[in-house]
Amino acid sequence: MQHQEDKVVLVMVGLPARGKSFLAQKICRYLRWLGRDARVFNVGNYRRERVGQHKPASFFDPTNPEGNQARQRVALEALEDALRWLSSEGEVAIYDATNSTRQRRRVIEEACQRARRQVLFVESICHDTSIVESNIRETKLMSPDYVGSSTEEALSDFRQRIAFYERAYETVDDASQSFVKVVDGGRQVVVNRVDGPLLARVVALLLNSRLTRHTIWLTRHGESVYNQHGRLGGDSELSPRGEEYARALASQFTPPPPGLAVWTSTLRRSMQTAALLGVPGTEWRQLDEIDAGICDGLTYDEMKRRMPEIHAARKADKLRFRFPQGESYLDVIHRLEPLILELERQTTPTLIIGHQAVLRTLYAYLVGDPVESCPHTSLPLHTLIELTPNAYGCDERRTLLTRRAEERPSIIPG
Ligand code: F6P
């Protein structure tokens, strides 16, 4: 049967507390950042809405007919919604549930086949009990299912729930199906019958994702000579105010957190900002600022006066506008894709010293902001952004480390 490769259902599989929702959200964020319309359909949320949130472990007992029926009903409802969404605007539906029996997966596969959608099963398996334990403590105890329960009650009920699922659990083993199995948070990844560029990207993400979560700091370089004059691009040095920022940044990271990785672009203002950190930096060409092509070195006023059509076109669609002989924000996103995978592989805290446009796109990926709005995100100079991962996203803290001059807005009004 003919499938549309760009309309796909990713079906999560695994026991509770195996990081399925974490992976589902991550895949969703990544695909959206790459411009694909992706959405997670979480069956747990459907259950909480339709059947109520405080369900005891016995509700999940495979021999409990009422519980089984109710779970089956909400699971099918979520699947129907996912397929309906795909038949309108959606491209990739991520169906997040345990889907832990062959029979359940067959039902899903048949429904997707009828709708002519391709299916990829994404199974998360954990042999390492410490991963399961930390998943339970970091995410499940905060779940709305356990509001009002003590930690001990919640732990014991949730362990019981897992035990019920274990009784009925069957791993994905049908060689005729497309699947990826992620074992112990990426220590082993098994790939079967995965075809096409979109699914290959999902697999690449899963191959590179680590379960360890660490802080990421983002900062623009200190003020440069070009910043002082409001000029685009170039490779100018830091101004005295920029040097002051480099000193403040170094004292902020004294002593550096264990294993700190420092990433810079290959431009002087970025490397000079890192110079006093006492940690050798890695220079990434991908982190260089957006290439302003024939506008490089101009101020925004000069651009508007000398090339009014370029100014107007950029104002009309800043995300897609490509500077003649230069880049667009979308081009920047595409060149950053390998760097994102490298960032996902990191197991230690990372400080990235970049530039306005490049950091706007990285920031959108990390916090899950829509790509459409990223060219307008406010990322002022001399501000350190700390992103600390939480269960499914990250907490953000911004600190202005040293004074800065007002910057010209990048689009001159009118
Ligand atoms: O003004 C500093 C800067 O990094 C320029 O080098 C670059 O062209 C610009 O910001 C990108 O911001 P915008 O896309 O808003 O013009």
Side-chain angles (χ1 to χ4, degrees), residues 9-25 40-79 82 94-109 119 121-147 149 151-174 177 179-185 188 190 211 391-392:
V9 186
L10 303 184
V11 180
M12 307 306 294
V13 177
L15 290 166
R18 265 55 183 180
K20 294 184 301 299
S21 297
F22 177 74
L23 286 180
Q25 295 292 348
V40 176
F41 293 81
N42 178 288
V43 174
N45 290 340
Y46 277 73
R47 168 182 54 79
R48 279 182 280 274
E49 267 178 43
R50 309 288 192 273
V51 197
Q53 48 188 46
H54 295 288
K55 288 288 161 208
S58 57
F59 177 78
F60 301 90
D61 180 342
T63 62
N64 168 352
E66 266 169 47
N68 263 334
Q69 238 179 34
R71 282 165 46 220
Q72 177 101 2
R73 206 176 52 239
V74 289
L76 287 178
E77 196 183 337
L79 182 62
I94 306 169
Y95 183 56
D96 181 15
T98 54
N99 300 319
S100 53
T101 61
R102 288 194 193 97
Q103 195 266 339
R104 171 69 71 85
R105 293 193 291 273
R106 207 163 303 123
V107 170
I108 297 169
E109 201 174 34
V119 177
F121 292 103
V122 179
E123 182 176 15
S124 179
I125 299 171
C126 294
H127 302 305
D128 184 340
T129 49
S130 68
I131 298 179
V132 178
E133 251 328 277
S134 67
N135 271 342
I136 295 177
R137 289 182 182 274
E138 281 172 30
T139 62
K140 300 300 171 187
L141 296 185
M142 300 350 157
S143 154
D145 287 359
Y146 293 116
V147 174
S149 308
T151 304
E152 283 321 305
E153 281 165 356
L155 274 177
S156 120
D157 184 85
F158 196 74
R159 292 204 175 107
Q160 180 62 54
R161 190 195 293 189
I162 295 180
F164 280 134
Y165 273 102
E166 274 168 345
R167 282 190 205 164
Y169 184 68
E170 294 162 320
T171 192
V172 178
D173 56 4
D174 181 344
Q177 294 176 327
F179 63 79
V180 189
K181 284 169 185 265
V182 181
V183 184
D184 288 335
Q188 189 192 12
V190 180
L211 273 189
Y392 301 123

Electrostatic pair Arg47-Glu77, nearest N-O below 4.0 angstrom: no

Rounded distance [0.5 Å steps], NZ in Lys20 versus OG1 in Thr98: 6.0 Å

Any donor-acceptor pair under 3.5 Å from Glu123 side chain to Val172 backbone: yes

Any side-chain heavy-atom pair of Val13 and Lys181 under 4.5 Å: no

Aromatic ring pairing Tyr165/Phe60, orientation class (parallel under 30°, perpendicular over 60°, tilted between): tilted

Nearest heavy atoms of Pro16 and Phe158, plus distance in Å: CB-CZ, 3.6 Å

Sub-4.5 Å side-chain heavy-atom contact between Arg18 and Ile162: yes

Flag side-chain contact, heavy atom, 4.5 Å: Val43 against Asn99: no

Between OG1 on residue Thr171 and CG on residue Leu15, distance to nearest 0.5 Å: 9.0 Å

Backbone of Ala75 reached by a side-chain donor or acceptor of Tyr95 within 3.5 Å: yes

Inter-residue atom distance Arg73.CZ - Arg50.CZ, 0.5 Å rounding: 10.0 Å

Other residues, nucleotides, ligands: >12 heavy atoms within 6.0 Å of Glu170 CD: yes

Value rounded to 0.5 Å, distance of CG in Asp174 from CZ in Phe179: 8.0 Å

Distance, nearest 0.5 Å, that separates CZ of Phe22 from CE of Met12: 11.0 Å

Which atom of Pro144 lies closest to which atom of Gln53, heavy atoms considered: O-NE2, 3.3 Å

Asn64 CG to Lys55 NZ distance, which is reported to the nearest 0.5 Å: 10.0 Å

Carboxylate-amine/guanidinium proximity below 4.0 Å for Arg161 and Asp145: yes

Side-chain donor-acceptor contact under 3.5 Å, Ser21 with Asp96: yes

Main-chain N/O of Ile136 paired to Thr139 side chain as donor or acceptor, under 3.5 Å: no

pair Phe59-Val51: side-chain heavy atoms closer than 4.5 Å: yes

Pro56 backbone acceptor or donor facing Asp157 side chain under 3.5 Å: no

Validation row: Arg48, Asn42 side chains within 4.5 angstrom (heavy atoms): yes

Heavy-atom pair with the smallest gap, counting every atom of Cys126 and Val132: CB-CG2, 3.7 Å

Side chain to side chain contact (heavy atoms under 4.5 Å, CB included) between Ile94 and Gln25, worked out: CA-CA 9 Å; Ile94 306 169; Gln25 295 292 348; over 6 Å; no

